[in-house]
Trainee: 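Below: one structure in structure tokens.
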Amino acid sequence: MREFGNAEVLFIVFALQWTLTLTALAFFGGGIAGIAVALLRISRSRYIRLAVSGYIQVVQGTPLLVLMFLCYYAPSLFGIELNALFAAGIALTLNASAFLGAIWESALRAIPKAQWESAEALALPQSKVLRFVIAPQAVRIALPSTVGYLVQIVKETSLASIIGFVEITRAGQLVSNATFEPMKAYVCVALLYFLICFPLSRFSQWLETRSPGRTKGPSRG
Amino acid sequence: MEYNFQFGVLANYLPEFFGGLGLTLFLSFAGIFGGLGLGIACAIISVRGPLFPRAVVRIYVEIMRNTPMLVQIFVIFFGLPSLGVRLSPFTSVLVAIVLNNGGYIAEIVRAGIESIHPSQIEAAESLGLTRGQTMRFVILPPALERVMTPIISQSVLLMLATSLVSAVGVEDLTGVAMIASSETFRTMEIYLVIAVIYICLNFIFRILLNAVGLIVFKRSRQRFLGRV
């Protein structure tokens, strides 16, 4: 039996790199897919809008744990052995794409129609309207919720421990099994999550207090 | 793809799946309503309470919102026995779910309470209502009505999060699926079916909770009936 000492704490702290890797994978993967989801949701074609809305409902309605099992086991049907990092990364990306897509869709919809129309009246092509007129305003609206969702992603990476990926929760489990000190091990894990998530949550709240939607002054729309 | 999907084996596990579904529903409703009660109490303390309880509530809410539920379950189930508190897997996940949801609901309800205009409270005071009466009859009803939508979203997310209880061996829907898949190796079939069940539950919960909201809140009901 091992004592719970500095080496054990360091083991958990070093696993942090994998939690952060997974978070980055999910945030960037989910962010890119989320942009696609948001843009397709405001598409002119009704069928595309319906199809994407179906995708959002299915992904948001499946527990992340089940989604992770599906991503972990499905590739083996094709004879591909996917490692836990990629399986978890794909599941988190799918999940994040649906939630971020929904957040960004509502930000795009919050831009007054006059903005689209006046940009078109200046003969800007659709892509430039989005790029130079709509997106800069939508980003300001969406930023607080996006940072808030980032906190969610950090916490959700803990589920990767269930399919055996060694990030901090799994590292905590390993330490707890080796030292028989589950309380110290898991409190240490919880503390690490808190140290990442709390500042992000605060940042998100701070952004919200100065976001354009909250200001009581004359509207800039 | 050379794989033959065989959903037939699932039929052998039908009783277990119904048992798991029952447990998922029980944990969800206990978590939603237990968390709602706890969350409302915490929200009231955090806007009205004396300094010390308010600080305690603040810390509780921040811990619940900034650590993963899986780790909370592990701390309660594996960690507490070393402090002499030994809970069964079922009790520990129940406690974890209620505490977790309470933290989220507290923050949502607090935002609702703070959105009530001070003139409402002044009006209640000038009518001679006590602080308790003001909270009960003047502040809470419109505050809760205003945050009904986020509460429902949070409740549905909590229902999905109950799948985490399978990590400590509680046999909810996901737990049963894990057992069935390790016994039959029909992993894909089982998790696909489970996913479909959760997606259906998702819609059912949304409809059900919205209906509860319409029954409880008169003004929402009138607005809804006016639209129909």
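Protein chains get the first letters and strands the later ones, always in sequence-line order, with residue 1 at the start of each.
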Trainee: Parallel, tilted or perpendicular: which describes the rings of Phe165(A) and Trp18(A), with under 30° parallel and over 60° perpendicular?
Mentor: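 Phe165(A) and Trp18(A): perpendicular rings.
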Trainee: Side chain from CB out, backbone as N, CA, C, O: work out which of these in Phe99(A) comes under 4.5 Å of a heavy atom of chain B, or both, or neither.
Mentor: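 Interface part for Phe99(A): side chain.
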Trainee: So which of Ile196(A), Leu159(A), Leu191(A) has the largest heavy-atom pair count under 4.5 angstrom toward chain B?
Mentor: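 If we count pairs closer than 4.5 Å to chain B, Leu159(A) comes out on top.
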Trainee: Side chain from CB out, backbone as N, CA, C, O: work out which of these in Leu192(B) comes under 4.5 Å of a heavy atom of chain A, or both, or neither.
Mentor: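 The answer is both parts of Leu192(B).
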Trainee: If we define contacts as heavy-atom pairs under 4.5 Å, which of Ser176(A), Ser76(A), Cys197(A) has the most with chain B?
Mentor: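 Top count of heavy-atom pairs under 4.5 Å with chain B: Cys197(A).
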Trainee: Name the region of Ser166(B), side chain, backbone, both or neither, that has any atom closer than 4.5 Å to a heavy atom of chain A.
Mentor: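 It is the side chain, since no backbone atom gets that close.
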Trainee: Which bit of Leu64(A) is near chain B, if near means a heavy-atom gap under 4.5 Å: side chain, backbone, both or neither?
Mentor: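 Looking at Leu64(A), nothing touches chain B.
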Trainee: Can you tell which part of Thr157(A) gets under 4.5 Å to a heavy atom of chain B, answering side chain, backbone, both or neither?
Mentor: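 Nothing of Thr157(A), per the 4.5 Å heavy-atom cut-off to chain B.
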Trainee: How about Gln72(B) and Thr67(B): does a side-chain donor come under 3.5 Å of a side-chain acceptor?
Mentor: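 A donor-acceptor contact under 3.5 Å links the two side chains.
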Trainee: Given heavy-atom pairs under 4.5 angstrom as the criterion, report whether the side chain, backbone, both or neither of Val58(A) touches chain B.
Mentor: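 Contact with chain B involves both backbone and side-chain atoms of Val58(A).
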Trainee: So what's closer than 4.5 Å to chain B heavy atoms on Gln57(A): side chain, backbone, both or neither?
Mentor: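 Contact with chain B is through both the backbone and side chain of Gln57(A).
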Trainee: Check whether the side chains of Ser97(A) and Tyr55(A) place a donor and an acceptor atom closer than 3.5 Å, and report yes or no.
Mentor: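 Ser97(A) vs Tyr55(A): donor-acceptor pair found between side chains.
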Trainee: Let me know if Met69(B) has heavy atoms under 4.5 Å from chain A in its side chain, its backbone, both or neither.
Mentor: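 For Met69(B), no heavy atom lies under 4.5 Å from chain A.
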Trainee: Can you check whether Val61(B)'s main-chain N or O pairs, donor with acceptor, with Tyr104(B)'s side chain at less than 3.5 Å?
Mentor: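 Answer holds: no.
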Trainee: If you look at every heavy atom in Ile12(A) and Cys188(A), which pair is closest and at what distance?
Mentor: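 Minimum heavy-atom contact is CD1-SG, 4.0 Å.
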Trainee: Which bit of Ser82(B) is near chain A, if near means a heavy-atom gap under 4.5 Å: side chain, backbone, both or neither?
Mentor: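 For Ser82(B), side-chain heavy atoms alone lie under 4.5 Å from chain A.
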Trainee: State plainly whether the residues Arg170(A) and Glu167(A) are in salt-bridge range, i.e. N to O under 4.0 Å.
Mentor: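 Salt bridge absent between Arg170(A) and Glu167(A).
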Trainee: Between Val154(A), Val66(A), Leu67(A), which shows the greatest number of heavy-atom pairs under 4.5 Å with chain B?
Mentor: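 It is Val66(A).
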Trainee: Select one option (side chain, backbone, both, neither) describing which atoms of Gln152(A) are under 4.5 Å from chain B's heavy atoms.
Mentor: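 Side chain only.
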Trainee: Is Arg202(A) close enough and on-axis enough to Trp206(A), meaning under 6.0 Å and within 45°, for cation-pi?
Mentor: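 No.
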Trainee: Is Thr169(A) close to chain B through its backbone or its side chain, or both, or neither, when contacts mean heavy atoms under 4.5 Å?
Mentor: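 For Thr169(A), the contact with chain B is made by the side chain alone.
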Trainee: Please check if the side chain of Asn66(B) supplies one atom and the backbone of Glu62(B) the other of a donor-acceptor pair under 3.5 Å.
Mentor: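 Here the side-chain-to-backbone pair exists.
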Trainee: Would you mind checking which part of Ile190(B) comes under 4.5 Å of any heavy atom in chain A, side chain (CB onward), backbone (N, CA, C, O), both or neither?
Mentor: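 Neither part.
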Trainee: For each of Tyr191(B), Tyr198(B), Phe77(B), tally heavy-atom pairs with chain A at distances under 4.5 Å, and name the one with the top tally.
Mentor: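 Of Tyr191(B), Tyr198(B), Phe77(B), Tyr191(B) has the most heavy-atom pairs under 4.5 Å with chain A.
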Trainee: Give, as side chain, backbone, both or neither, the part of Leu70(A) having an atom under 4.5 angstrom from any heavy atom of chain B.
Mentor: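 Both backbone and side chain of Leu70(A) come within 4.5 Å of chain B.
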Trainee: Determine, for Glu181(A) against Arg2(A), whether the closest basic-nitrogen to carboxylate-oxygen distance falls under 4.0 angstrom.
Mentor: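 No, no charged N to carboxylate O under 4.0 Å.
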Trainee: Output yes when a side-chain donor or acceptor of Arg146(B) lies under 3.5 Å from a complementary backbone atom of Ser115(B), and no otherwise.
Mentor: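 Yes, because the side chain of Arg146(B) sits within donor-acceptor range (under 3.5 Å) of the backbone of Ser115(B).
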Trainee: Would you please say whether a donor-acceptor pair under 3.5 Å links the side chains of Ser201(A) and Ser204(A)?
Mentor: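 Not at all, the side chains of Ser201(A) and Ser204(A) share no donor-acceptor pair under 3.5 Å.
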